[in-house]
Amino acid sequence: MTKQLKSYVGGQWVAGNGGWRPLHNPTTGAQIAEASTAGVDMGAAVRYAREHGAGLRSLSFAERGACLAAAAKALHAFRDELLALSTESGGNTRGDAKFDVDGATGTLQYYAKLGERLGEATCFRDGEPLQLARSPRFAGQHVWTPLQGVAVHINAFNFPAWGFAEKAAVAWLAGLPVITKPATSTAVLTVRMVEILAESGALPTGSLSLITGGAGDLLDHLGYQDVLAFTGGSNTALTLRQHPAVLERGCRLNVEADSLNAAVLGPDVDPDSDTFELFVGDVVRDMTQKAGQKCTAIRRVFVPAKRMAAAREALVEALGAIRVGDPALKEVRMGPLASASQLADVREGVARLQKVATPALGDGGRGELVGVNGDEGYFMSPVLLVAEDPRAAIAHDREVFGPVATLLPYKDTAEVGELVGLGQGGLVASIYTDKPAVATEVALALAPHSGRVNIGGEKVAEHSLGPGAVLPMLLHGGPGRAGGGEELGGPRGLQLYLQRTALQGYKPILEKLVADLPSFEAS
Ligand code: NAP
């Protein structure tokens, strides 16, 4: 019998009562579970989290950090099981599974350490006292205190482990209970993680709830002390932005959405250089890691017109060497896409890109597969397209969420900012160069369009993690199409869950009030 996934609400595991949605193993297409939230009382779930999870707020940062450390330890004890589940339920190779699962525990650990450093305080100061009148007695001071509601996290299908943990770690450290809702298609892994955490007792009662399946009327119960943090597609984001909880009741909303991330090869980079090799390696990794289903993956590759042939040749050669197939096999570097609908969406995207670009490798088909039976599973081999017109609209408009990228020529660095900006805002953009002047010009031109700019070159080639890896100490998010949200970024990530308040009054009182509070800058 198919496993029926439950939600964890009100401190209990609760089954849905109909309208089951199937979950599949992407490698075989076989159904592995089903999920439903029909009959789950979302209002009661929110009330329970708000009331019982309030205990987190009274803990110090150090105590909350200790909870995060315990959560990371509990999950790490089940690492092998979680990695195997990631392969079965998400089509991840072992490397891709580690990226997600170890990324989850790593982010929890990072915020655990931050909590330890922040110490016995429960909230933050912001800057120093400001003199407000002629007399220095009357002063102003900003502080940040935790909101008193619940953090609702709605996540995308591609990172069921990291997506859950990176949001939860920050909210918990800020002092808010979490209701997490993974995307249904890959929820199996998150469900298991929540089971482990619930059994471990690592977190105070009420700190964690889970919605497994559709969100139902969850948002109807949110108000101005609550936070809704969303990761997913722009269309869903638009629906959430228009929800009365956000528009009328002031629920805080953070959106992490689509992004056509760009990589730019500098005009100074020769094809036989280390920097060229780094550039090719980053593009190939981003196109094939998690089968390109990464919000930070490079989708547009800008190359000086004179280097188009060399870049195309190197990328085709490197991509052609990637073995695609059963992700459980050691020799396989790229697994299937996560679901049938994802595969159909990517194929449709490739067909649209072909209106303005010519395939240099791949055509949207399965290609040669290792260890896969017949036409089972949701496979697609990497697709590299080449466009002659760098301004062709589709290349900048359609985020094809799979192992697909388009190579585009540019004339000179002065037009790079404008070309990358055609993507209408992204999570990350890269410039590969060894010339400081080029790095400065292009990085500053990319910055207004990007949440993060990666400068690749020979000096960092050995150490660089590439643009695709999201690090807890750096900002994750981007303007425009990317949603305009901000996550992580070390202590600044907590601001989403805190209220900034301007205090004004007698300076010695204000000084005493903030005397033991940490500031974001110092932590
Ligand atoms: P999606 O279809 O927008 O779904 C995302 C989440 O929203 C899922 O949990 C989904 O639940 C839920 N959802 C859908 N409709 C909803 C509604 N009306 N009310 C409340 N929740 C709703 O996106 P996806 O296909 O999972 O993910 C792919 C997209 O995510 C890509 O565009 C990618 O760029 C983006 N992404 C962005 C980032 C980032 O950090 N910027 C990271 C990863 C992915 P169900 O699954 O139950 O429908």
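Remember, it's 1-based here, ligands and their atoms both numbered in the order they're listed.
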Next on the checklist: Between R299 and D286 (salt bridge meaning N to carboxylate O under 4.0 Å), is one present in this structure?
Outcome noted: no

Item to check | Donor-acceptor under 3.5 Å (T37 side chain, G214 main chain) | outcome: yes

Checklist entry - When you measure from the side chain of E399 to the backbone N and O of D258, does any donor-acceptor pair fall under 3.5 Å? => result no

Next on the checklist: Within a 6.0 Å radius of atom CZ on R333, are there more than 12 heavy atoms belonging to other residues, nucleotides or ligands?
Outcome noted: no

Next on the checklist: Tell me which residues fall inside the under-4.0 Å heavy-atom shell around ligand 1.
Outcome noted: R21, I154, N155, A156, F157, N158, K181, P182, A183, T184, G213, A215, F230, T231, G232, G233, T236, L240, E256, A257, D258, C295, E399, F401, L427, H476

Sequence neighbours left out, cut at 3.5 Å: what donor-acceptor pairs do the side chains of residues 158-175 make with other protein atoms?
| residue | atom | partner | partner atom | Å |
| --- | --- | --- | --- | --- |
| N158 | ND2 | Q293 | O | 3.1 |
| K167 | NZ | N155 | OD1 | 3.0 |
| K167 | NZ | T231 | OG1 | 2.5 |
| K167 | NZ | E487 | OE2 | 3.0 |
| W172 | NE1 | S207 | O | 2.9 |

Checklist entry - Is the cationic atom of R192 (NZ for Lys, CZ for Arg) positioned less than 6.0 Å from the six-membered ring centroid of F78 and within 45 degrees of its normal? => result yes

